[in-house]
Participant: 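Below is one structure. I have some questions about it.
Both backbone and side-chain heavy atoms feed into the values below; hydrogens, waters and symmetry mates do not.
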Amino acid sequence: MRFQRLEDLRIDADKTQEELPRLESLRIDADKTQQHIADVLGCKREVYRRYEKGIHDLPLWALVALAKYYRTSTDYILGLSDIREPYPR
């Protein structure tokens with residue numbers, strides 16, 4: 001995808017906090033609880049639940065940690081790619 005104008009890069013403010021359904025599906029596919037993933041991240045279960053439901057923005061450090069944990073790309077978690085495998089190093 002090639003951007004022609006700066007306006008093409010702008011993020012809709014209403015979409016900055018949206019649900020990340022892939023977080024939930026990755027967790028369920030891994031047969032893990034919200035509490036387990038919260039423990040991996042070092043946060044409370046309620047905080048993780050809010051990330052999963054899009055109530056709070058997922059911090060960058062947590063996004064990277066979850067991508068490593070699930071062995072996927074950050075783009076996949078964010079819904080920017082449908083390729084689940086991580087990028088080659």
Side-chain angles (χ1 to χ4, degrees):
M1 172 187 280
R2 187 159 184 243
F3 297 104
Q4 300 294 324
R5 304 167 306 191
L6 182 60
E7 291 80 32
D8 295 336
L9 295 171
R10 294 183 195 236
I11 298 171
D12 183 356
D14 293 334
K15 293 194 172 208
T16 56
Q17 285 187 309
E18 57 186 37
E19 189 173 343
L20 296 172
R22 288 191 174 159
L23 273 184
E24 183 176 12
S25 67
L26 284 166
R27 178 179 57 79
I28 291 170
D29 288 350
D31 198 29
K32 303 297 180 190
T33 64
Q34 286 181 339
Q35 183 62 60
H36 178 83
I37 301 303
D39 292 343
V40 168
L41 295 177
C43 66
K44 295 184 179 197
R45 186 199 64 79
E46 181 62 21
V47 171
Y48 176 76
R49 183 191 72 78
R50 291 175 182 173
Y51 294 152
E52 199 173 88
K53 296 300 178 191
I55 297 168
H56 290 306
D57 284 334
L58 182 66
L60 183 58
W61 65 265
L63 175 64
V64 172
L66 290 170
K68 288 179 179 178
Y69 180 81
Y70 290 123
R71 295 187 180 113
T72 191
S73 70
T74 56
D75 284 354
Y76 181 78
I77 292 174
L78 295 172
L80 300 173
S81 171
D82 290 330
I83 300 170
R84 190 168 176 171
E85 292 78 30
Y87 297 118
R89 292 183 164 228

Participant: Which residue is it: Gln35, His56, Gln34? I am looking for the one with a side chain to side chain contact (heavy atoms under 4.5 Å, CB included) to Tyr48.
Facilitator: Gln34
Participant: Roughly how far, to the nearest 0.5 Å, is CG of Leu23 from CD1 of Ile28?
Facilitator: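 Ile28 CD1 to Leu23 CG: 11.0 Å, rounded to 0.5 Å.
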Participant: Salt bridge (Lys or Arg N to Asp or Glu O under 4.0 Å): which pairs involve residues 30-41, sequence neighbours left out?
Facilitator: none
Participant: Is it the case that one hydrophobic cluster holds both Leu20 and Leu80, taking links as side-chain heavy atoms less than 4.5 Å apart, direct or via other members?
Facilitator: yes
Participant: Between Arg49 and Glu52, is there a side-chain N and carboxylate O pair less than 4.0 Å apart?
Facilitator: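 Between Glu52 and Arg49 there is no salt bridge, as every charged N stays at least 4.0 Å from the carboxylate O atoms.
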Participant: Enumerate, atom names and distances included, each donor-acceptor pair closer than 3.5 Å involving a side-chain atom of residues 60-69, sequence neighbours excluded.
Facilitator:
residue, atom, partner, partner atom, Å
Tyr69, OH, His36, NE2, 3.0

Participant: List the atom pairs, with distances to 0.1 Å, where a side-chain N or O of residues 72-79 and a protein N or O form a donor-acceptor pair under 3.5 Å, not counting sequence neighbours.
Facilitator:
residue, atom, partner, partner atom, Å
Thr72, OG1, Arg84, O, 2.4
Ser73, OG, Tyr76, N, 3.0
Asp75, OD2, Tyr87, OH, 2.6

Participant: CG/Asp57 to CZ/Arg50 distance, rounded to the nearest 0.5 angstrom?
Facilitator: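 One finds 13.5 Å between CG of Asp57 and CZ of Arg50.
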Participant: What pairs with Asp82 under salt bridge (charged side-chain N to carboxylate O under 4.0 Å, His left out), at least two apart in sequence or on another chain?
Facilitator: Arg22
Participant: Considering residues at least two apart in sequence or located in another chain, which fulfil the salt bridge (charged side-chain N to carboxylate O under 4.0 Å, His left out) criterion with Glu85?
Facilitator: none
Participant: Can you list the residues that meet the salt bridge (charged side-chain N to carboxylate O under 4.0 Å, His left out) rule with Arg45, with sequence neighbours excluded?
Facilitator: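 For Arg45 there are no salt bridge (charged side-chain N to carboxylate O under 4.0 Å, His left out) partners, ignoring immediate neighbours.
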